[in-house]
Peer 1: 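First the structure, which I've put down as C-alpha cells, then a few questions once you've had a look.
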2 protein chains.
Amino acid sequence: MVASSRTATAVHALAFLAQWQGGELRSSQAIAESLDSNPAFVRRVLGRLRERGLVVAVEGAAGGWRLAKPAEEITLRDVHAVADDGAVPLPVHAHPPNRNCVIGRHMLSLLESEFADAQRAMEERLAQTSIADLLGRVYRSERAEEAARGN
Amino acid sequence: MVASSRTATAVHALAFLAQWQGGELRSSQAIAESLDSNPAFVRRVLGRLRERGLVVAVEGAAGGWRLAKPAEEITLRDVHAVADDGAVPLPVHAHPPNRNCVIGRHMLSLLESEFADAQRAMEERLAQTSIADLLGRVYRSERAEEAARGN
DNA sequence: TCAAACTGTGACTAATCTGGTTACGGTTAC
DNA sequence: GTAACCGTAACCAGATTAGTCACAGTTTGA
C-alpha cells in the first residue's frame with residue numbers, strides 16, 4: 001500500500017500550533033522546520049485544513065497560521081477526514097466483477113458494506129483522541145525524559 | 001490514497017472457491033472470469049494466500065485451486081493480512097521529524113501508537129466476518145432478488 | 001509418447017499517487 | 001518600497017497499482 005502520511009503531517013502541524021494557546025501565528029517555515037520538511041509542502045497540507053475550518057491562515061508579512069478552534073475540539077478523525085480527503089483504506093474491486101456469476105453479482109456491494117464498517121471502526125478510534133490530548137502527552141513524555149535524565 | 005484492491009480480489013476469489021464445499025479444484029481462468037480479470041493476476045494474488053496456508057494450488061492439467069480450510073475459519077482480517085501484506089492505512093511521518101523541537105521529539109511515537117490502535121479497531125471489525133458469512137449473504141441476496149422478480 | 005491444461009513467475013506497460021522542490025504572483029507590516 | 005509571508009502551479013524521481021504477455025515447469029490422459 002502507498003497511503004499518504006498527510007494525516008501525520010497535519011496532526012504534527014496542528015499540535016505544533018497548539019503550543020501557543022494565545023493563537024499567535026506561526027509561519028509555514030517554522031512548521032516545516034519541526035517536520036524537517038519544506039514550507040511549500042506544509043502550505044499545501046494546511047491549505048486543505050484551512051478550507052475546512054481547522055486552521056486560519058493570515059497572508060502578508062507577519063502572517064502565518066493558527067488553530068481555528070480549541071485544540072480540544074479537533075480530533076484525529078477530523079484531521080484525517082480533511083488531510084487525506086476521501087481516503088479509503090480498503091478499496092473494493094478496481095472494476096465491477098462479472099454479473100454472470102452469482103458471486104460477481106453480489107460481492108461488490110457486500111464488500112462495500114463490510115469495508116465501510118471496518119473503516120468506521122478505525123475512524124471512531126481516531127475520534128477518541130484530540131490534538132490537545134496529543135500535546136498533553138508530548139509534554140508528559142518530555143517531563144518523563146527530563147526526570148529520567150536526573151534534572 | 002492509493003490502497004490496493006487485492007483484499008477485495010482475494011475475498012472474492014475465496015468466496016468463489018467456497019461455493020464448492022467438496023473442495024473441487026477451480027482454475028485461475030475460472031476465477032478470473034468471475035472477477036472479470038485475467039488468470040495471471042489471480043495467480044499472483046492467490047499465490048500469497050497459498051504461501052500462508054489459506055488456499056491450496058495443484059499444478060498440472062486438471063490442476064487448480066481450493067480452500068485450504070473451511071470457509072468458516074477464514075476471516076476478512078486473515079485475508080487482508082495476507083493479501084495486502086503489511087498494509088498500513090495510517091502511515092506516520094515519511095521521515096523522522098526534527099528532534100530539536102519538543103513536538104518533533106515525541107509526535108512520531110505517539111502517532112505510531114494512536115494509528116496502530118485505530119488500525120487494530122479496523123482489523124477487529126474485519127475479523128467478525130468470515131468467507132462463509134459472505135457466501136451465505138451472497139446466496140441470501142440472490143434468493144431475495146429472485147423472489148422480488150416473482151420467481 | 002505427446003499434446004493439452006494447468007500453475008508459477010519474470011518482465012513489461014500506462015496510469016496514478018507520493019513527498020519534495022522551485023518559482024512566482026499576491027498580500028501585508030513596517 | 002522592501003521584506004516576509006501565503007497561495008498555487010509546475011515539475012521531479014520514485015513507488016505502486018492493475019493489467020498483460022510470455023514462457024518454463026508440472027501433470028493428466030489419450
Side-chain angles (χ1 to χ4, degrees), chain A residues 1-10 12-13 17 24-33 35-52 55-66 68 83-98, chain B residues 1-10 12-13 17 24-33 35-52 55-66 68 83-98:
Chain A
M1 166 185 291
V2 190
S4 93
S5 62
R6 277 192 293 267
T7 295
T9 301
H12 184 126
L17 293 176
E24 292 113 84
L25 299 174
R26 293 287 135 179
S27 71
S28 50
Q29 172 66 44
I31 299 168
E33 279 170 14
L35 281 161
D36 192 20
S37 181
N38 67 86
F41 181 55
V42 168
R43 286 199 289 269
R44 258 200 313 226
V45 172
L46 288 188
R48 311 181 71 152
L49 307 199
R50 182 202 58 214
E51 293 168 7
R52 303 278 285 270
V55 294
V56 170
V58 175
E59 293 193 359
W65 306 81
R66 63 175 174 83
D84 271 310
D85 202 4
V88 176
L90 292 164
V92 294
H93 304 64
H95 56 79
N98 187 342
Chain B
M1 163 183 294
V2 191
S4 91
S5 63
R6 278 193 293 269
T7 295
T9 301
H12 184 127
L17 293 176
E24 292 114 82
L25 300 174
R26 292 287 136 177
S27 71
S28 51
Q29 172 65 44
I31 299 168
E33 280 171 13
L35 281 160
D36 192 21
S37 180
N38 67 86
F41 181 56
V42 168
R43 287 199 291 269
R44 260 198 309 221
V45 172
L46 288 188
R48 311 181 72 153
L49 307 198
R50 183 201 59 215
E51 293 167 7
R52 303 279 285 271
V55 294
V56 171
V58 175
E59 292 193 0
W65 306 81
R66 63 175 174 83
D84 271 309
D85 202 5
V88 176
L90 291 164
V92 294
H93 303 64
H95 56 78
N98 187 343

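By convention in this document, chain letters (A, B, ...) are assigned in the order of the sequence lines, proteins followed by strands, and residues within each chain are numbered from 1. Model, not experiment: these values are computed from the prediction.
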Peer 1: Expressed as a whole number of angstroms, how long is the span from Phe41(A):CZ to dC17(C):P?
Peer 2: 15 Å

Peer 1: Check whether any side-chain N or O of Asn98(A) sits under 3.5 Å from a backbone N or O of Leu35(B) as a donor-acceptor pair, and report yes or no.
Peer 2: no

Peer 1: Taking only side-chain nitrogens and oxygens of His95(B), does any of them come within less than 4.0 Å of OP1 or OP2 of dG20(C)?
Peer 2: yes

Peer 1: Of all residues at least two apart in sequence or in a different chain, which pass the salt bridge (charged side-chain N to carboxylate O under 4.0 Å, His left out) check with Arg48(A)?
Peer 2: Asp85(A)

Peer 1: Respond yes when some side-chain nitrogen or oxygen of Asn38(A) is under 4.0 Å from OP1 or OP2 of dG20(C), and no when none is.
Peer 2: no

Peer 1: From CG of Asp85(A) over to P of dC17(C), roughly how many Å is that when rounded to an integer?
Peer 2: 12 Å

Peer 1: dT18(C) phosphate, OP1 or OP2: any side-chain N/O from Ser5(A) under 4.0 angstrom?
Peer 2: no

Peer 1: Please figure out whether Ala61(B) or Ala94(B) has its closest DNA chain C nucleotide nearer the 5' end.
Peer 2: Ala61(B)

Peer 1: I'd like to check the side-chain hydrogen bond (donor to acceptor under 3.5 Å, both in side chains) partners of Glu59(A); sequence neighbours left out, ordered by chain and number.
Peer 2: none

Peer 1: Find the distance Leu25(B):CG to dT26(D):C1' and express it as a whole number of Å.
Peer 2: 14 Å

Peer 1: Do side-chain atoms of Asp84(B) reach the backbone of Ala87(B) as a donor and acceptor pair under 3.5 angstrom?
Peer 2: no

Peer 1: Please state how far atom CZ in Arg48(B) lies from atom P in dA18(D), giving the value in whole angstrom units.
Peer 2: 10 Å

Peer 1: Below 3.5 Å is the cut-off: list the nitrogen or oxygen pairs between protein and nucleotides 7-9 of chain C, distance only.
Peer 2:
{"from": "dT7(C)", "atom 1": "OP1", "to": "Ser28(B)", "atom 2": "N", "distance (Å)": "3.0"}
{"from": "dT7(C)", "atom 1": "OP1", "to": "Trp65(B)", "atom 2": "NE1", "distance (Å)": "2.8"}
{"from": "dT7(C)", "atom 1": "OP2", "to": "Ser28(B)", "atom 2": "OG", "distance (Å)": "2.5"}
{"from": "dG8(C)", "atom 1": "OP1", "to": "Arg50(B)", "atom 2": "NH1", "distance (Å)": "2.4"}
{"from": "dG8(C)", "atom 1": "OP2", "to": "Arg50(B)", "atom 2": "NH1", "distance (Å)": "2.9"}
{"from": "dG8(C)", "atom 1": "O5'", "to": "Arg50(B)", "atom 2": "NH1", "distance (Å)": "3.3"}
{"from": "dG8(C)", "atom 1": "N7", "to": "Arg43(B)", "atom 2": "NE", "distance (Å)": "2.8"}
{"from": "dG8(C)", "atom 1": "O6", "to": "Arg43(B)", "atom 2": "NH2", "distance (Å)": "3.0"}

Peer 1: In Å and rounded to the nearest 0.5 Å, what is the NE2 to OG1 distance from His93(B) to Thr7(A)?
Peer 2: 11.5 Å

Peer 1: CD of Glu33(B) versus P of dC6(C): gap in Å, rounded?
Peer 2: 11 Å

Peer 1: Has the side chain of Ser27(A) got a donor or acceptor atom that lies under 3.5 Å from a matching backbone atom of Ala30(A)?
Peer 2: yes

Peer 1: Can you tell me the distance, in whole Å, between the CD1 atom of Ile31(B) and the P atom of dA5(C)?
Peer 2: 18 Å

